[in-house]
Amino acid sequence: MIGLFAIGAGSALIILYYYLESPHLISKDQAFEDALKFGGWNKTQLVNETVDMKLLQTKTNGVAFVLDDKTLKSEPYPVSQTYRSEIDEYVWQVKITKKLDEYHSHEWSYLIDASNGTLIDSGNHGIEYPRSLNDTSP
């Protein structure tokens, strides 16, 4: 009887430890909903647009690791971060791209704190795709 109690108490302590040590992050779906809210979008406006979402873990020197949002394991490549943040902060990067024509598009980006869903930074800008090497027009 005492042995079963000890096993149960030990298991509970291990579960509590892992719960307290693991980050509690908002889901990808919640980050998407937050980006819609911050940008004044609705889902029907984005039917034909490209939406790219990445979970980032910030590091030093302007670098962040892309994480798998289910396992929190990092991808084998870092990406640059252009915003100020704490080291080891978790951030959802949401990019919405609307293609205007063959060479131009418009991109909106939202950086959302993955721990509480607050907006860290946002921006929008036009993008011009490079023309082919054979194109001699000005």
Side-chain angles (χ1 to χ4, degrees):
M1 185 71 135
I2 293 175
L4 291 176
F5 178 74
I7 291 172
S11 298
L13 287 173
I14 291 171
I15 290 169
L16 180 63
Y17 171 78
Y18 283 113
Y19 175 79
L20 294 174
E21 287 297 311
S22 65
H24 303 288
L25 306 177
I26 64 172
S27 69
K28 187 175 194 173
D29 291 336
Q30 181 61 48
F32 179 68
E33 293 293 328
D34 288 344
L36 292 176
K37 178 181 70 173
F38 296 135
W41 299 92
N42 64 52
K43 288 182 182 179
T44 57
Q45 291 174 303
L46 301 180
V47 171
N48 296 321
E49 313 310 339
T50 303
V51 178
D52 179 44
M53 296 183 65
K54 292 182 176 116
L55 178 61
L56 305 177
Q57 182 181 22
T58 60
K59 297 297 181 183
T60 59
N61 300 328
V63 172
F65 289 125
V66 178
L67 302 179
D68 180 299
D69 61 307
K70 293 184 182 29
T71 64
L72 298 183
K73 301 270 189 226
S74 65
E75 299 289 329
Y77 59 91
V79 295
S80 68
Q81 66 182 37
T82 58
Y83 55 94
R84 298 183 62 120
S85 65
E86 300 294 323
I87 295 174
D88 286 332
E89 181 179 32
Y90 294 92
V91 176
W92 278 106
Q93 178 187 60
V94 182
K95 289 185 178 181
I96 300 168
T97 306
K98 179 177 185 174
K99 191 163 180 154
L100 302 174
D101 61 33
E102 187 177 359
Y103 298 111
H104 300 89
S105 67
H106 200 91
E107 181 179 274
W108 294 264
S109 62
Y110 304 93
L111 297 173
I112 299 169
D113 188 320
S115 64
N116 59 26
T118 59
L119 182 66
I120 296 171
D121 193 17
S122 67
N124 65 57
H125 37 279
I127 301 171
E128 185 168 326
Y129 297 107
R131 294 190 172 141
S132 71
L133 295 175
N134 298 329
D135 188 356
T136 57
S137 62

Exceeds 12 heavy-atom contacts within 6.0 angstrom, atom CG of Asp68:
yes
Approximate separation, where rounding is to 0.5 Å, of Glu107 CD and Asn124 CG
9.5 Å
To the nearest 0.5 Å, atom CG of Leu119 lies from atom CD1 of Ile112 at 6.5 Å
Is there a donor in the side chain of Thr44 and an acceptor in the side chain of Asn42, or the other way round, less than 3.5 Å apart?
yes
Would you call Asp113 and Ile26 a side-chain contact if the rule is heavy atoms closer than 4.5 Å?
no
Rounded distance (nearest 0.5 Å) linking atom CD of Gln93 with atom CG of Asp52
7.0 Å
Check whether any side-chain heavy atom of Lys43 lies under 4.5 Å from a side-chain heavy atom of Phe32, and answer yes or no.
yes
Of the non-hydrogen atoms in Gly39 and Tyr110, which two are nearest, and what is the gap between them?
CA-OH, 3.2 Å
NE2 of His104 to NZ of Lys98: how many Å apart, nearest 0.5 Å?
15.0 Å
Which atom pair, heavy atoms only, marks the closest approach of Phe38 to Gly117?
CZ-O, 3.4 Å
Quick one: closest heavy-atom pair of Ala35 and Val94, and the distance?
CB-CG1, 3.8 Å
Does Val79 share a hydrophobic cluster with Val91, counting links as ILVMFWY side-chain heavy atoms below 4.5 Å and allowing steps through other members?
yes
Salt-bridge present (Lys95, Glu49; N to O < 4.0 Å)
no
Using atom types as modelled and distance alone, determine if a side-chain donor or acceptor of Thr58 lies under 3.5 Å from a backbone N or O of Glu89.
yes
Are the side chain of Trp41 and the backbone N or O of Ile96 linked by a donor-acceptor pair below 3.5 Å?
no
Looking only at non-hydrogen atoms, find the nearest pair between Thr97 and Ser105 and report the distance.
CG2-OG, 3.8 Å
To the nearest 0.5 Å, atom CD of Glu75 lies from atom CD of Gln57 at 12.5 Å
With rounding to the nearest 0.5 Å, note down the distance linking CG in Asp34 to CG in Asp29.
11.0 Å
Where do Met53 and Ala31 come nearest, in terms of heavy atoms and distance?
CE-CB, 3.8 Å
